[in-house]
2 protein chains.
Amino acid sequence: MTSQAAEGPETVVASRRSKITPEREREFFDAVLEQIRECGYDSVTMEGVAASTRCSKSTLYRQWKTKPQFVAAALRANRRVRFAGIDTGSLAEDLRQAARAAGDWSGKDTRLLQALGHAVTSDQELAKALREALVHPEIAALEEMLARGVARGEVRAGHPALEYIPAMMFGVLRVRPVLNGQYADADYLVRFVESAVLPALGLR
Amino acid sequence: MTSQAAEGPETVVASRRSKITPEREREFFDAVLEQIRECGYDSVTMEGVAASTRCSKSTLYRQWKTKPQFVAAALRANRRVRFAGIDTGSLAEDLRQAARAAGDWSGKDTRLLQALGHAVTSDQELAKALREALVHPEIAALEEMLARGVARGEVRAGHPALEYIPAMMFGVLRVRPVLNGQYADADYLVRFVESAVLPALGLR
DNA sequence: GTGTACCGGTACTCGACCGTATCGGTACAC
DNA sequence: GTGTACCGATACGGTCGAGTACCGGTACAC
């Protein structure tokens, strides 16, 4: 519904939806994601989002049929690879930089992932959106790093630890709050890379 | 209210609450935890628990004042150390057995942790109960293993990876579903210990 | 047998939110 | 300037669950 293409006589549809600019849309998306982080998925209401963005509930329902669809759209719009473009020529340094980059976003992303973690078990589209927005891109970037390291001969191909590096990075990021009561910051993650990830790979 | 002590003339209060036996209580607790795993914390209703255990809402509210208190009580009653008593005399083998034990409970605990993960941010008592039921005991057991390994000289005291082992184990357990779409079973975790944890500690 | 305390059932109030409908206002198209 | 389409506001009916109140039944104490 966001932009039900075709069928418009000949003028492009985009010109019709005059009011909701992409910037305005971002406000809606930012608002809903922030409310999810703060109150959890279930507690987020369309009314709340409407109120906090000073728009009307009708406006939201005109654009998105249901809450999960709305949230999924927000996630897709939020897609962005945290550590894309990291390529220092050294796997160890790549991983350190990835850790730093992840640490800078840790709080926001962790809370979002946590808040949505259960909702996705009951909504396929939401699950897909979450994976494509917050999980897959980062995993793919990590795997590329590792592949480059292998290609350069820094790590033997088929090294058993390779398979677990993404899970380790993500996992530590994810559970630190519940273990230590604080989000994993860049320092913590870099030290983790130095102390556990690199040794596991036989690096350094 | 569960047992508002004192003041009873002289007969012990326990004899007064004749009907709800400890076994019956366990039914309530099991039911609510199961519903949390399935539907998430927010979606669990006292009505639902009452219905599924064929008791009255009044009965639940007589024992526990609010939903979070009820859930917290259920968690406390559920406390149990998954890998207590593991002590093979070898750190590597201890960790392997811990991985196996964790894998056997992976699905249940992971779902519970996930479902409650966000609710705890808004209820202190619930957070404490969750930590004491599912997190701290396991962490403590892990740290004991590690301490024994250090004491036996298998790992140098102050080894930098030591600090991260619990987070690694828990983290991998926790994020596997979102990365691979399946819970971490015993095999996966044992291979993880072999491939990443032990090498990180310089073992094996 | 009598009393008591708690159980299970039902009905209730109250508040929150969903999703819809209605309406006046306004930017933009032409 | 006129028309149109969408915005924001508000109001409404419907649902659902929290928590409370009441009530009849029953196990157990004595």
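- Between B:Q69 atom CD and D:dA18 atom C1' there is a gap of 14 Å when expressed in whole angstrom units.
- As a whole-Å value, the separation of A:K65 NZ from C:dG19 P is 12 Å.
- Distance CZ (A:F70) to P (C:dG19): 13 Å, rounded to an integer number of Å.
- Backbone-only contact: B:V44 has heavy atoms under 4.0 Å from sugar-phosphate atoms and none from a base.
- Side-chain atoms of A:T59 do not come within 3.5 Å of backbone N or O of A:C55 as any donor-acceptor pair.
- Close placement of the B:F29 and B:W64 rings is indicated, their centers lying within 6.0 Å of each other.
- Using a cut-off of 4.0 Å between Lys/Arg side-chain N and Asp/Glu carboxylate O, B:R26 and B:E23 are scored as not salt-bridged.
- Of the candidates D:dA18, C:dC7, C:dC18, C:dC18 carries the atom nearest the A:T45 side chain, counting heavy atoms from C-beta on.
- The cationic atom of A:K67 (NZ for Lys, CZ for Arg) lies less than 6.0 Å from the six-membered ring centre of A:Y41 and within 45° of the ring axis.
- If you check every strand for non-hydrogen atoms under 4.0 Å, B:K57 touches a base.
- Distance from the side chain of B:T59 is smallest to C:dG8 among C:dG8, C:dA21, D:dA18.
- At the heavy-atom level, A:T66 lies nowhere under 4.0 Å from the strands shown.
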Watson-Crick or G-U pairs under 3.5 Å in DNA chain C, rendered as dot-bracket with [ ] for crossing pairs and | for another strand: ||||||||||||||||||||||||||||||
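- Of the candidates C:dT22, C:dT10, D:dT10, D:dT10 carries the atom nearest the A:S56 side chain, counting heavy atoms from C-beta on.
- Residues of residues 28-43 of chain A having a heavy atom closer than 4.0 Å to DNA chain C: none are found.
- For B:S58, whose side chain is taken as the heavy atoms from C-beta onward, the closest listed nucleotide among C:dC18, C:dC7, D:dA21 is D:dA21.
- At a threshold of 4.0 Å, the pair A:E125-A:R76 counts as salt-bridged, since one of the basic side-chain nitrogens sits closer than that to a carboxylate oxygen.
- Shown here is B:Q124, whose CD atom has no more than 12 heavy atoms of other residues, nucleotides or ligands within 6.0 Å.
- Phosphate proximity of D:dG8 to A:R24: present, with a side-chain N or O under 4.0 Å from OP1 or OP2.
- Residue pairs meeting the salt bridge (charged side-chain N to carboxylate O under 4.0 Å, His left out) criterion with at least one partner in residues 159-184 of chain A, sequence neighbours excluded, are A:E163-B:R191.
- Of the residues near DNA chain C, A:Y61 and B:C55, the one whose nearest nucleotide (by heavy atom distance) lies more toward the 5' end is B:C55.
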